[in-house]
Asker: 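Following this message is one structure expressed as structure tokens.
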Protein chains: 2
Amino acid sequence: MGVDDEQVHGVGTDVEDPEAHGSSVLATDASDDAFPAYWCEWDDCPTLVGDGVERSPVARIPASERRNALVEAALRVVSRQGIARATTRAIVAEAGMSLASFHYAFDSRDELIDELIATVVAREEQAVIPDIVPGQDLRRILESGLLRYLEHLEADPDHEQAMLELTQYALRSPERYPLAVAQYRRYAELAEHSLEIAAEAAGTTWRRPVAEVAHVLVAFTDGLTITWLVDRDDAAARAVVRTAADALSRMADTR
Amino acid sequence: MGVDDEQVHGVGTDVEDPEAHGSSVLATDASDDAFPAYWCEWDDCPTLVGDGVERSPVARIPASERRNALVEAALRVVSRQGIARATTRAIVAEAGMSLASFHYAFDSRDELIDELIATVVAREEQAVIPDIVPGQDLRRILESGLLRYLEHLEADPDHEQAMLELTQYALRSPERYPLAVAQYRRYAELAEHSLEIAAEAAGTTWRRPVAEVAHVLVAFTDGLTITWLVDRDDAAARAVVRTAADALSRMADTR
């Protein structure tokens, strides 16, 4: 139960709430409002400078770098061990930081997880935004986008598996549920953006609202992901890609 | 870590292996080959009958009923609390049985989980096998089958969520991986069976091997499930159903 208790503390609770920390975290932990600027961390110790005033040590590493380092550490932990084991403590250990550093960078584990999702979706976006080849029809453009996603999945299955786990994890409690909603809103935005680029390039218009088409694209992509993660059958996955691209292209009219 | 240790013991290890039980389970636990027929359980105590010979108490409840009761208990625990908390101990507590009863019914937690999957897939089968209306074309038959699945999902989301969690859980370790493979083999069988019935009723033949079409159907159904579980958007899910049915119907030729 210890692992799960820690998860509950880290997710869906405000770190400002003393109840949310209490006895379950290390003694080095401190809530933000009580955060001492002179806090001594093994990785980042304060120094007394000439004027005798202690400078905040954490300010020496820009907050954005600290956040990035924690997101990358979280992604490694979740990919390697699963979301259930990606406790705040495991993430800071992976990053070589203290819990205090964590709380300096993020208000809560939720906020970190949300940034982790944004990071992975941004990488998906780089992978899947269609590479427009003049003269391709809509079906071919969509197929090439989905194939690029599949290649991205095949190259880095752990990250996509982590994303699916994260959804399941978020669906498990009302407090975490907004994480899954935010995750799928980001997927929807990426899908809409890709679909608009594809339709524009092919000289077509979507017959249905692009949000509806995007929802279908996200569903098909999820199904492609989960079935491939189970059977690793590249040929079968390519049949899903072809069928999905054909189906989606029929939701548009030639202008 | 305790929770996970127990999972590792219960899954992917043979209960006959003394290392797999050892110190982590209750003292009432016994491996099958050492199982005493006169084992006293609170729910099922042996009685001395006239001839002075102790009858096996567990034999009084048929093994199949015991297995069913454990599967239903496991399904309730997984649906309510998630797969991570569905330890052997939690399942027997839910069923009101002892660990000894569990080991009398199942060789391992894997075997129970496999039967749980079979049970849920059998219910899906009852829900989705197309109800043939004479004169419907293939697209309509497929659409009605997928709509029936969606209604089944909407009526009982916890079970389908449990199935998705189970996949993620199985993908997390090489020992559990066969559970996910078995789960998707059952999905594939159900999909093939449905597709054969549908094509027969519509007087069409699949242009591609039915296994390939079934794989696409499973992928689309998974995507439908996961997106609906996140957004609970019935209208958007129906758009996925229509698009999927249309796409699948194009994989067949009229005879």
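Bear in mind the structure is a predicted one, so any value in this text is a computation, not a measurement. Every heavy atom of this structure was used, including side-chain atoms; hydrogens, water molecules and symmetry mates were not. Letters A, B, ... are given to chains in the order of the sequence lines, protein chains preceding strands, and every chain is numbered from 1.
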Asker: Could you look at Arg80(A) and say if it's the side chain, the backbone, both or neither that has a heavy atom under 4.5 Å from chain B?
Answerer: backbone
Asker: Can you check whether Thr243(B)'s main-chain N or O pairs, donor with acceptor, with Arg250(A)'s side chain at less than 3.5 Å?
Answerer: no
Asker: Any idea which of Asp246(A), Val181(A), Val213(A), Asp231(A) has the most non-hydrogen atom pairs under 4.5 angstrom with chain B?
Answerer: Asp231(A)
Asker: Is chain B contacted by the side chain of Arg185(A), its backbone, both, or neither, given a heavy-atom distance below 4.5 Å?
Answerer: neither
Asker: Could you tell me which portion of Leu229(A) (side chain, backbone, both or neither) has an atom closer than 4.5 angstrom to a non-hydrogen atom of chain B?
Answerer: both
Asker: Counting only non-hydrogen atoms closer than 4.5 Å, does Tyr187(A) touch chain B with its backbone (N, CA, C, O), its side chain (CB onward), both, or neither?
Answerer: neither
Asker: I need the Met251(B) CE to Arg242(A) CZ distance, nearest 0.5 Å.
Answerer: 7.5 Å
Asker: Tell me which of these, Val216(B), Val230(B), Val240(B), has more heavy-atom pairs under 4.5 Å with chain A than the rest.
Answerer: Val230(B)
Asker: Could you grab the distance from atom CH2 of Trp228(A) to atom NE2 of His215(B), nearest 0.5 Å is fine?
Answerer: 11.0 Å
Asker: Considering only heavy atoms, which portion of Thr167(A) lies under 4.5 Å from any heavy atom of chain B: side chain, backbone, both, or neither?
Answerer: side chain
Asker: Chain B heavy atoms under 4.5 Å from Ala211(A): which part of the residue, side chain, backbone, both or neither?
Answerer: neither
Asker: Considering residues, nucleotides and ligands other than Arg140(A), do more than 12 of their heavy atoms fall under 6.0 Å from its CZ?
Answerer: no
Asker: Can you tell which of Glu212(B), Arg208(B), Gln183(B), Gln168(B) has the highest number of heavy-atom pairs within less than 4.5 Å of chain A?
Answerer: Gln168(B)
Asker: Is it the side chain or the backbone of Ser249(A) that comes within 4.5 Å of chain B heavy atoms, both, or neither?
Answerer: neither
Asker: Let me know if Leu224(B) has heavy atoms under 4.5 Å from chain A in its side chain, its backbone, both or neither.
Answerer: backbone
Asker: At what distance, to the nearest 0.5 angstrom, does CD of Glu165(A) lie from CD of Glu165(B)?
Answerer: 10.0 Å
Asker: Working to the nearest 0.5 Å, report the span between CG of Leu164(A) and CG of Leu171(B).
Answerer: 9.0 Å
Asker: What part of Gln81(A) gets within 4.5 angstrom of chain B, counting heavy atoms only: side chain, backbone, both, or neither?
Answerer: backbone
Asker: Sort out for me which of Ser79(B), Ala235(B), Ala237(B), Ala170(B) touches chain A most, counting heavy-atom pairs under 4.5 Å.
Answerer: Ser79(B)
Asker: Show your reasoning for whether side-chain contact (heavy atoms from CB on, under 4.5 Å) applies to Tyr184(B) and Thr227(A).
Answerer: CA-CA 8 Å; Tyr184(B) 276 76; Thr227(A) 49; 4.0 Å; yes
